Amino acid sequence: MIIDLVPNEDQLAIGNGVRDFLRDQLPVSRLREESAHGGAAEQAIWEGLAELGLFGLGLEEEAGGLGLGLPEEALVAKSLGEYLVSPSVLAQMAATHVTSDVALAGAFAVGNKRAALCGISGDGLLLLDADQADYALILGPGGVSLVESVSLGEVKKRSGMDESLTLSRSALPPIPTEGNQAAASRLAILVSAYLSGIAHAVTEMAVDYAKVREQFGQQIGAFQAIKHQCADMATRAAAAEAQTFYASVAFGEGLDDTSEAAAARLLAGRAALENGRANIQIHGGMGFTAECDAHLFLKRAHVMTALGSDPATERRRILAT
Amino acid sequence: MEVIRSTALDQFREECRDWLGEHTPRDSRPLEGEAMRDFDLSWQRRQYDGGWAGISWPEKYGGRGASVLEQLVWYEEYARASAPASGTMFVALSHAGPTLIVSGTEEQKSRHLPTILMGEENWCQGFSEPGAGSDLGSLKCKAEIDGDHLVVNGTKIWTTYGDLAVWQELLVRTDPDLPRHRGISWVICDMRTPGIEVRPIKAMSGLTHFAQCFYDNVRIPLSNVVGEINGGWKTAMTTLGFERGTGTIAHQIELSNAVDHLIDMAKSRVGGMDEAVAADLAGLKSEVLALRSLTVASVSRGRREEVPGPEGNIVALYFAELARKVHSYAFDLLGSEALDRDTGNDWPLHYLESFKWGIGGGTLEIRRNAIAERMLGMPRSPRPVELKK
């Protein structure tokens, strides 16, 4: 078996189409306004996102999706990371693969039912942008589970580290000890793609800034202390992306899906965090302000790295091969 | 981004596997000297006889003319069979040969390409000088035209297997008045020419794999210039990165095996693997997988682009950093056990040798410059001063 990692023409068209849409409709600068927080900007154009086919990209056509594969979903998830789109969109894509109820999967695909991304935290559940959600998509140690929001009991708003998301907490609902493991690997790959999108976006942001900011009479990007950091950022982003896309193509091909996906998640998390920090440093004083978008990327990288992550299990998967 | 299913490739893989399974040398490769070279030459000859020599070379010049995907399959199977790296044949197969194919005259090609493929003659590289390492463009080794010959005076250093090679791809300054990157010529140098002295240099690992070469009025026929006289920089640059990283796949697999070995060792310890060690090893294992993925991505691009882009520097940087990390981690993990070289797996040798990956063929710093300037379009560092005569 040979794996090809360059997007084909159809994949390029999908990737570019989604990126153009997001650049236009959901630029990162939207998050400078509180009114766009908590997925509000996404909710406002929900029908548009559904029409684009984002939610049901990987669902079979008979069930109401586009019938594409995990590589296409991963390409799109990378763009979602680049534009810090609400994790609910990822949850929506993943939910179509978790439920065995075809009608429900179709409802997720067209956006009639909404899912929110959730992770177990201590003895409770952490929910992201879950105000409008009909279902909680829970990343648990045994796999992914889908739980109706109404069964969660009291859901309390919390003040989150990433203020551009709505964070809330509930008691842990009863979830099956054996969740959907295949769907968990799929979701791990989508989260990796999202994180590698962040890693890529902050590299671009740092490079662009280093090309215009001048000190000592020249662009700071001419100094090796800056350009070498940028080269390392690009390398980390490239490795995270290559591993994520490899895992997305290899998925279901009889290779060890879980270890490829776990490796992708580990490296994409590291790349997003390390690049997110380096981006702040390269922006200097501006990078430390709330006006600069750099902090938004770092905060989101932390959320997506930590949520539903179970490092001990992931390590075992990586080391099992 | 897809799985390529091809019966032709599957058949090709089977063919590779069968041949390699039967013909890969079983005796271990000598670590140094003429015995090592003779081992490499005879392995090359065996591949030639089997029709596998010059896997990436065009058929017109006696190569296999394999597609990029076939090359990938070949190197995967090559590694699976634990076939030996090209070693003392590396420069001839991966650099000098391809350079002659692109820039050589028909006469130069017919003289040298067959002897390379048949494993009759090996090559070394004469690029770096004591004063021209990362700043290769400042090289000073001088060649003056005297009738139909060049007369070379100067020195070259870090010449890998310089004492074991028959031919050398030599960069010399043929016009000191031209700007630094012009005025350089790429010359085929016969290492047996009078006036050449080769002094082997012992590396920190204890191995003697490279040398310094001294040239005292060495006469080289002008017909040995490859490409234009004073056009040697261009000749050299055309084929840099020719192999798209497929040439290092064997080393990547060695690295992957080293990590698996460390994992097995940690698992078999009394009390098993603790969480801190598991975290470190999971990180290294993930990076090995990502290195493979980066190489697959590079090969994928190679199917669509004629000329390799600067992305090759990312694979090289990632590989070099990882090689050092893995081997220094072995030391952390093994503690004082790592000091004993007679344990069956020579960690000190591999650890000490791993430093070469971030220096030879472009230091980590030069690769970072290339990634930043050529891939990310960042401003160039201040221009170097003009070469002083």
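Order of the sequence lines sets the chain letters (A, B, ...), proteins ahead of strands, with each chain counted from 1. Please read all numbers here as calculations on a predicted model, not as lab measurements.
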**Report entry** Within 45° cone and under 6.0 Å: B:R292 NZ/CZ vs A:Y246 ring
**Finding:**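 Pair B:R292/A:Y246 counts as cation-pi.
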Query raised in the report: When you measure from the centre of the six-membered ring of B:W52, is the NZ or CZ of B:R64 under 6.0 Å away and within 45° of the axis?
Result: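 Judged by the rule (NZ or CZ under 6.0 Å from the ring centre, within 45° of its axis), B:R64 counts as positioned above B:W52.
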Let me know if [X] has heavy atoms under 4.5 Å from chain B in its side chain, its backbone, both or neither.
X: A:I2; result: both
X: A:R236; result: neither
X: A:S248; result: side chain

Which bit of [X] comes within less than 4.5 Å of chain A, counting heavy atoms only: side chain, backbone, both or neither?
X: B:L317; value: side chain
X: B:E373; value: side chain
X: B:I314; value: both
X: B:N313; value: neither

Shorter than 4.5 Å, heavy atoms on both sides: which option in [options] has the most such pairs with chain B?
options: A:K227, A:Q219, A:Q218; answer: A:K227
options: A:V249, A:L5, A:D4; answer: A:D4
options: A:P311, A:C230, A:G69, A:A240; answer: A:C230
options: A:L267, A:L266, A:D208, A:T244; answer: A:L267

**Report entry** Close side-chain approach of B:T24 and B:Y78, heavy atoms under 4.5 Å
**Finding:**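 Side chain of B:T24 against side chain of B:Y78, heavy atoms only: no contact under 4.5 Å found.
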Report task. Among the options B:M375, B:R367, B:R13, pick out the one with the most heavy-atom pairs lying under 4.5 Å from chain A. Result ->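 Looking at each of B:M375, B:R367, B:R13 in turn, B:R13 comes out on top.
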Requested in this report: Could you tell me how the ring of B:W347 sits relative to the ring of B:H261: parallel (under 30°), tilted (30 to 60°) or perpendicular (over 60°)?
Outcome: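 Geometry flag for B:H261 against B:W347: tilted rings.
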Report task. Answer yes or no: is there an ion pair linking A:R23 with A:E82, defined by an N-O contact shorter than 4.0 Å? Result ->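 Salt bridge between A:R23 and A:E82, a charged N being under 4.0 Å from a carboxylate O: no.
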Query raised in the report: Taking 4.0 angstrom as the limit, do B:K285 and B:D260 come out as a salt bridge?
Result: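 Looking at B:D260 together with B:K285, the answer is yes, because their closest N to O distance falls below 4.0 Å.
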Query raised in the report: Side chains of A:Q11 and B:E2: donor-acceptor distance under 3.5 Å anywhere?
Result: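 There is no such pair (donor and acceptor under 3.5 Å, judged by atom type) between the side chains of A:Q11 and B:E2.
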Requested in this report: Decide whether A:H200 and A:N275 meet the rule of one side-chain donor and one side-chain acceptor closer than 3.5 Å.
Outcome: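 No, A:N275 and A:H200 have no side-chain donor paired with an acceptor closer than 3.5 Å.
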